[in-house]
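Below is one structure, written out as structure tokens; comments come after it.
Sequential numbering from 1 along the given sequence is applied to the chain's residues.
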Amino acid sequence: MKAIIITLCISFFGFVAKAQTVPQKTASAKVITKQTVDIACGECQFKMKGKDCELAVKIDGKSYFVDGKGIDDFGDAHGEHGFCNAVSKAEVTGEIVNNRFKAKEIKLLPVKK
């Protein structure tokens, strides 16, 4: 009888241990340091899906919405040279997390003539 109880206990603990889920990996961040990128309205210029005009950057050919800076932080987005009407160049520092660019610094570069 003792052997049966011990076997049942071991089996029970084996099932409990097997039922534990493996924690999912957190999204790894890709760090960007002083990289020159395209910057504009994600919806108007980069054809991204969203709810409203929102600042976005294009890094290595892929577009990301920006967190930490707003589209109107650099002037009127709907002005003649605003982000909804033109793509600009910027030097950015931050990281890409969950398909969004977490901006630490954005410096607009002068327009080349």
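Residues Ala90 and Leu108 share a closest heavy-atom pair of CB-CD2, 4.0 Å. When all heavy atoms of Leu55 and Gly70 are compared, the closest pair comes out as CD2-O, 3.8 Å. Residues Ala103 and Lys69 share a closest heavy-atom pair of CB-CG, 4.1 Å. Nearest heavy atoms, Lys58 versus Ser63: CE-OG, 3.4 Å. When all heavy atoms are compared, the tightest approach of Glu91 to Leu109 is N-CG, 4.0 Å. Nearest approach of Ala77 to Ile71, heavy atoms of both residues: CB-CG1, 3.7 Å.
To the nearest 0.5 Å, the span separating CD1 on Ile39 from NZ on Lys89 amounts to 11.5 Å. The NZ atom of Lys104 sits 8.0 Å away from atom OG1 of Thr33, with the distance rounded to the nearest 0.5 Å. Atom-to-atom distance recorded for Ile96:CD1 and Asn98:CG is 11.5 Å, nearest 0.5 angstrom. The NE2 atom of His81 sits 12.0 Å away from the CG atom of Asp76 when rounded to the nearest 0.5 Å. In this structure, the separation between CD on Glu54 and SG on Cys44 is 11.5 Å, given to the nearest 0.5 Å. Separation of atoms CD (Glu105) and NZ (Lys34) is listed at 6.0 Å; rounding is to 0.5 Å.
The residue from Ile59, Thr93, Val57 that alone fulfils the side chain to side chain contact (heavy atoms under 4.5 Å, CB included) condition with Gln35 is Ile59.
Among residues two or more places apart in sequence or in another chain, the side-chain hydrogen bond (donor to acceptor under 3.5 Å, both in side chains) test is passed with Asn99 by Lys62. Contacts of Lys107 classified as side-chain hydrogen bond (donor to acceptor under 3.5 Å, both in side chains), with partners at least two apart in sequence or in another chain: none.
The backbone N or O of Met48 sits nowhere less than 3.5 Å from a side-chain atom of Glu43 that would complete a donor-acceptor pair.
Screening residues 45-80 for ring-ring contact (aromatic ring centres under 6.0 Å, His included), with sequence neighbours left out, gives Phe74-Phe83.
Hydrophobic clustering (side-chain heavy atoms under 4.5 Å, transitive across Ile, Leu, Val, Met, Phe, Trp, Tyr) keeps Val37 apart from Val31.
The shortest side-chain heavy-atom distance between Val66 and Ile106 falls under the 4.5 Å cut-off.
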